[in-house]
Amino acid sequence: MSLFDLGAADLIGGLLGLAVTLVVFSHFIGDNAVFRLVLHIFIGMSAGYIAVVVAYNVLWPKLLRPVLEAEGWELLWVGLPLFFSLLLFARLFPRYSILGSPVLAFVVGVGAAAAVGGAVVGVLFPQVRATINLFDLDAIRQNQENVNLALVNGSIILVGTISSLAYFHFGVRGKAGSKTQRSTWMEWLAQVGQGFIVIAFGMIFAGIYAAALAALIERLSSITRFIYSLVAGF
Amino acid sequence: MNAISLAGIIFLALFAGLIAYFARFKPGSSPSSLRDIPAFSRIRRGIGLAVEAGQQLHLALGHGGIADFKGGSGLVGLSLLERIARAASNSDRPPVATSGEASLAFLSQDTFKSVYRLMYSESQYDPEAGQLTGLTPFSYAAGAILVASDPQVSTNLFSGHFGSEIGLILDAAEQNDSLTSGGSDDLQAQAILYAAAQEPLVGEELYAAGAYLQVNPYHLASVRAQDIMRWVLAGGILVGAVLKAFGLI
Amino acid sequence: MEIVICPFCGKENRAEDETCQYCQARLKPLRIDPESQPGLIGQSPGEESQVFSKKEGKPDSQDGLQASGEVTPAGKPAVSEPSDWLTGFRNQITTQDLTPGPEALDDERQPEARDIRQDFEAGAMLDDAFRSLPFENARDNEESYPEFLPDEPQKAEKVGDVAADDLAWLRELQSQYNEVDGLSSAASKKDEGWLAANELSQDSQKREDERVPRWVGEISAGSLDKQDSEAEGGLSASELPSWLDATRPLATPQIIFGMPSGYSDQVEIAGPLAGLPGLLPAEPEIALGRKAAAYPTQLQVSETNRIQAEIFDQVLQSEGQNRPLPDRVLVSSQKVMRMAFALIILFAILAPVFSLQTLERYPAITPVEVLSASQIISRIGSESPVLIAVEYEPGFSGELDAALAAVLDHLMIQGAFLVLVSSVPSGPMQAEHIVGVSNQVGPHQYINSASQKEYINLGYISGGLAGLRNFAENPRLSNPSDISGEPAWENPVMVNIDDINDFSLVIVASENHDKSRAWIEQTSPLLEDTPLIYVVSAQSEPLIRPFFDATPQQVQGIVSGVIGSVHYGATIGRQGIAHLYWPSFNSGLLAAAILIVVGGGANALLALTASKNGRKPGGKSL
Amino acid sequence: MKSYPFVYLLAAIAIASGAAVLVGYFFPSLAGLKGEMLDWAVIFTAVLLLIGVISLVRTHWRKIMQDQKDRAYSLVLIFSFTLTLLVAAPSGPTSKWSMWLYENLLIPIESSLLGILAVFLLYASARLFNQRMNIYTLLFIGTVLLALLGWLTIPGVDLEGFKDARDWLSSVWAVAGVRGILLGVGLGTVATGLRILIGADRPYGG
């Protein structure tokens, strides 16, 4: 694609992208004023997009339009969220911020319940069930897996899950003078658990590097393609 | 009501009962009855050094919304903030808390205000201490980079929901030669903290911060309740696995 | 049985014991000939010397001091009349101290000045003097005796007793010299001062010097004043060593040694100093000196305390000075290592691009989870509604655009109707972006087809988990309109959709494990037979994998990052964006492995040498 | 916290709303009330997002007005915020020019930030030996190397063995560690939430 095929918008866009990418890469050398400038541009843009998305997707369809379209008693029920939302706006003024505290308390209460309920229903029980199901011989046979290998793997996961859970055990008997005060079997189990945890972190860490590497490659390849199109254009 | 709901209710009732029991009837135990976690002693010393040297302490609360599942670690961060604000309220440079979500930012400002009211120095309260630095994960990290790379900041603590962008804040803190410590509920953030922070908190250790830094007796009680419930889960897994292997369930 | 408390070590002894069984100190004072020996301080004529004694087991706060009768060696009567030097001392205090100072001119203070005389008579002034003396042992013995010396006038005579007994240490000193070489007894017999006989030979003189306690030795014949004047005018002041000079108190209190007149020609007739004229009285008043009215400011401070006080003082003073911030080291070793890493990685990525290298060899075996995803999408019919949750941040566009583009390209070929949604605020724009990118992958015009729009963007689901739950249960109520505000559900493809199970396929694209899991927990219970495919980043693949391996399967297919996308392209024979990235990705991984090994090895060596030199690892690093 | 009557009101609201939602998780028949409260929470979360935007912009506006240090940066932030609003608000965030701004400025900046993270991650893992020299560091670095080699293809070198080892490590050993961590984090989350539901922690200004 030569320079002339590029519209003005694409040309300016490409130059903008090239510039901000090089400024961000200048952070390798060290912190500098231009890098901070780009960070502020980025924070401002993100806030702008969020304001527009929230307005289009939540405020208008779920808050304002129902109030405008509601009649009679329905207006009261539909208007309540709007009223409490206006109380939340009081948080912006220190003198009246106390008006918004009840709504914030409501959000904290609902959030705490969602966290507790989600943790029990969505994490603790499913993980316990998944570990138990590793020893479901019928399912293993149904998946045509090698039963022995599956049981070995299941046992490793069982031991790893329980030992890494034991690693977090906090209570110790007597004064915590010396570093390890837990009983010997607990300490041994915790050290095995720490090994499993570290392996999990290693796998995740490599994945994060791969994702970051892909982002770096995308930036560099878009820069080289853009420069090629500029050079090819002349 | 199905079996899962019933098990859930029993589990939560037992958990809440243990917390109330340990807090009400056996408050005697102290942090010394907990295993040694070096990160917390470094955090305590970091708070002291920051106050003594007149430098600033930065607590990053992440961008986990309070209203949803990711808010758990943010709430732990708010308890930590209350303890830090109490210790550092008379320092030359009071601590600063950055967050990437509006409800977290308002709650951190509330925490500062109630601590200063407790210390009868409400005039010192500065709303800027609880900063909202950005509204998406990476724009929050961009704002937190600007705070972490301030030469006056000597200690950076992380307690909240983060993603991989926590690496950018750790990078800025490391270039500023300041102490980095903390934890998160997100696995990606924990993996980066494990590799890059000087004193990482692994997994559940973050949730024991209130007990180790003695925020209030309920934190110590809930850590002891967690220890018991941990072995209830472990026992359940073991028994379940054996019964499943023998086809009994 | 009556017990006696040893004044030195505080241990109990039997009353009849001469010396303490623990520290051999004399319990019974030697009785010296009253005529020649000055009376004890504070002892009025006729009063007997008193020894502290305590009935066993009966601490009595009032009469702890009990007269236990007269105990005199060799039957000599107790000393009665007060010594000359004491009366001289008293007169001196009364004349000098009571002369009204400037503050006395102040009328209110006048009565206080007159009271000083009565206080002194009642021994109060002595209390102050005694209070500064090191009478710890004496005070410790007195269980019933209050901690500090009493202020009340009526206890003043006890003070005298305290002093009498406290002089025991001097007598004990004297007895020690008598026992050491028997010399003193010759001296006391001949009634000459042991130093008066100057004709002793040089070595005996030396021996004498050694035996004489150093502080006595320093007090040469004649009064201290004479010594001072010599120091000033006569002999040149001896050069004190610097360390000694440094230890001299900076502001020594002006102890005015006013000696009663005519005192200097009196010759000592007994005791170890017999024969020496004009000796300073060894009695406590030497220590007394005549202090200025103000309390002594000089504490008894040991050397280490003084040094610590100085350090503390320096710390306090340094607080005041503003120390300039240490200027930042421009190029530290960490920065050099960081730049080296950056250059190597950039080179590893750009080398394949500039050499126009293409992918020689696909990774051999296609993973089963990618194959499964490809097979499911191959079965999607034209105009089937497919829900695509775009849950990743714009930063991960590099990796997830590549992975998702391959899948969307395949769906576009199948002619599926895409329904885009996101629970991330920047999701709606990201969804629009990825559809545009996917449309450019293959030679198909998915977006610009003549028929009605082939996709719809429902925009943002707010409220996190709760919002997801609401959307899964009732998408129409959750997102009634599309991102640009138009009614979303009137499109013919969308008309029959009431809950999430009515979609033909659900695809979740996310870089974060929590968001991925949230969709599984909130939607999989409602999905029933609708397949769920994940397009994830490589960082969350290990965490989603268990849901694919689980039985029953909660996730029916996984495409993970650039590698998954390359595999997916191989299954449908189409080269997507990932194929452009693959050579750089491959060399980037290799460079990373090498850098970790080399950099890690170098830092491990640093850590080993640091621990060998006794430094804790964690210090200087490359 | 200094208690005053208003705190008890806030605590009552938090506990009541939390209990209502929690009950809805376990008693499907009462899920209706939970759904309604979650709906309100969804709206309040979105409103909080908007209030957050206003609070962020006001903070930087105050920096400019009070002539504080770095006010130039704040000016740039407010300018880019306003420009984005003007471009995206009229015809929606996915309109042509809004997407132009998004694809040519926002994505490049965020991708570049993630890109420089790659170098920092390598530097941090290389330096780990100096910070914590123990068996677990060796295990961590070994796992990272194995994972990287498992993805590699080097012409003429057969790395399939690494790939199988990586898959086994990922699907068995890593899963075990992840489960342990998730269970631990789950227990911590439940404890944190329960402390709020029984009124022990009151982060809402109580």
Side-chain angles (χ1 to χ4, degrees), chain A residues 13 16-17 20-21 24 27 36-37 40-45 47-49 51-54 58 62 81 85 88 101-102 104-110 112-113 115-117 119 121 123-124 127 153 156-157 160-161 164-165 168 196-200 202-203 205-206 209 212-213 215-216 218-219, chain D residues 10 13-14 17-18 21-22 25 37 40-41 43-44 46-47 49-50 53 56 73 76-77 80-81 84-85 88-89 93 104-106 108-109 111-112 114-118 121 136 139-140 143-144 147-148 170 172-180 182-184 186 189-190 193 196-197 204-205:
Chain A
L16 266 180
V20 293
T21 303
V24 172
H27 188 59
R36 287 169 172 258
L37 201 70
H40 279 83
I41 292 173
F42 171 55
I43 296 170
M45 280 185 72
Y49 274 116
V52 172
V53 164
V54 165
V58 182
K62 295 193 170 179
S85 303
L88 267 179
S101 293
L104 211 51
F106 170 82
V107 170
V108 168
V110 167
V116 169
V121 171
V123 177
L124 296 182
Q127 295 295 331
N153 287 346
I156 293 172
I157 292 177
T161 302
S164 45
L165 197 52
F168 295 118
F196 278 97
I197 289 171
V198 163
I199 289 173
M203 293 306 294
F205 187 85
Y209 171 73
L213 181 63
L216 197 53
E218 187 267 336
R219 281 291 83 216
Chain D
L10 298 181
I13 292 173
S17 57
V21 170
L22 198 56
Y25 265 96
M37 299 186 101
W40 283 26
I43 293 173
F44 295 149
V47 169
L49 254 181
L50 201 60
V53 169
L56 177 73
Y73 294 128
V76 165
L77 185 142
S80 82
F81 170 75
T84 308
L85 275 191
N104 289 299
L105 259 181
L106 198 122
I109 294 175
S111 291
S112 313
L114 186 60
I116 62 177
L117 186 60
L121 294 179
Y136 300 111
L139 196 55
F140 177 80
T143 307
V144 172
L148 295 177
S170 169
V172 176
W173 297 80
V175 162
V178 163
R179 280 217 174 115
L182 288 179
L183 289 171
T189 304
V190 169
I196 286 177
L197 294 179
Y204 33 78

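Residue numbers start from 1 in every chain, and the chains themselves are labelled A, B, ... in the order their sequence lines are given, proteins ahead of strands. Because the structure is predicted, anything quoted here is derived from the model rather than measured.
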- Task: Just give me the residue among D/P93, D/S112, D/A88, D/A89 that pairs up with chain A most often, heavy atom to heavy atom, under 4.5 Å.
- Result: D/S112
- Item | Contact leader toward chain D among A/T161, A/L165, A/L216, where contacts are heavy-atom pairs under 4.5 Å | A/T161
- Search all heavy atoms of D/I116 against all heavy atoms of A/V24 and return the closest pair with its distance. CG2-O, 4.0 Å
- Would you mind telling me which of A/R36, A/E218, A/M45 has the largest number of heavy-atom pairs within less than 4.5 Å of chain D? A/M45
- Min side-chain heavy-atom separation D/L148-A/Y209 under 4.5 Å: yes
- Query: How close do D/G184 and A/F168 get, heavy atom to heavy atom, and via which atoms?
  - Reply: CA-CD1, 4.3 Å
- Task: List the steps, then state whether side chain to side chain contact (heavy atoms under 4.5 Å, CB included) holds for D/V190 with A/L124.
- Result: CA-CA 10 Å; D/V190 169; A/L124 296 182; 4.2 Å; yes
- Message: Just verifying a value: how many Å separate A/L213 CG and D/L117 CG, rounded to the nearest 0.5 Å?
- Response: 11.5 Å
- Item | Top contributor to chain D interface from A/P102, A/A105, A/G160 [non-hydrogen pairs under 4.5 Å] | A/A105
- Item | Winner by heavy-atom pair count (cut-off under 4.5 Å) against chain A, out of D/L106, D/L50, D/V53, D/V175 | D/L106
- Message: Looking at chain A, which one of D/L56, D/V178, D/L139 has the largest number of heavy-atom pairs inside 4.5 Å, strictly under?
- Response: D/L139
- Item | Those residues that, when tested against A/N153, pass side-chain hydrogen bond (donor to acceptor under 3.5 Å, both in side chains) (two or more places apart) | D/W168
- Note on the structure: Between D/A147 and A/A206, the two heavy atoms sitting closest are CB-CB, 3.5 Å
- Taking every heavy-atom pair that is under 4.5 Å apart, which of D/A41, D/G18, D/S80 has the most such pairs with chain A? D/S80
- Among D/L183, D/L49, D/L182, D/I196, who wins on heavy-atom pairs under 4.5 Å with chain A? D/L183
- Hey, can you tell me if D/F44 and A/F106 have their rings parallel, tilted or perpendicular (30° and 60° cut-offs)? perpendicular
- Report the distance from atom CG of D/L77 to atom CZ of A/F42, rounding to the nearest 0.5 Å. 11.5 Å
- Note on the structure: d(A/L16 CG, D/I109 CD1) to nearest 0.5 Å is 9.0 Å
- With sequence neighbours left out, write down each residue that passes side-chain hydrogen bond (donor to acceptor under 3.5 Å, both in side chains) with A/T21, or none if nothing qualifies. A/R219
- Message: Test side chain to side chain contact (heavy atoms under 4.5 Å, CB included) on D/I43 and A/S85; report intermediate values, then the result.
- Response: CA-CA 8 Å; D/I43 293 173; A/S85 303; 4.1 Å; yes
- Query: In Å and rounded to the nearest 0.5 Å, what is the OG to CD1 distance from A/S101 to D/I13?
  - Reply: 9.5 Å
- Item | Engaged part of A/V110 at the chain D interface, taking heavy atoms whose separation is under 4.5 Å | both
- What's the shortest heavy-atom distance between A/A112 and D/G193, and which atoms? CB-O, 4.0 Å
- Query: Which heavy-atom pair separates D/L197 from A/G109 by the least distance, and what is that distance?
  - Reply: CD2-O, 4.1 Å
- Message: Quick check for you: to the nearest 0.5 Å, what is the distance between D/Y136 atom OH and A/I199 atom CD1?
- Response: 11.0 Å
- Item | Exercise: identify the closest heavy-atom pair between D/G115 and A/A215 | N-CB, 4.2 Å
- Message: Show, in sequence, the C-alpha distance, side-chain angles and deciding distance for D/T189 and A/V123, and conclude whether the side chain to side chain contact (heavy atoms under 4.5 Å, CB included) test is met.
- Response: CA-CA 10 Å; D/T189 304; A/V123 177; over 6 Å; no
- Query: Rounded to the nearest 0.5 Å, how far does OG1 of D/T143 lie from CZ of A/F205?
  - Reply: 12.0 Å
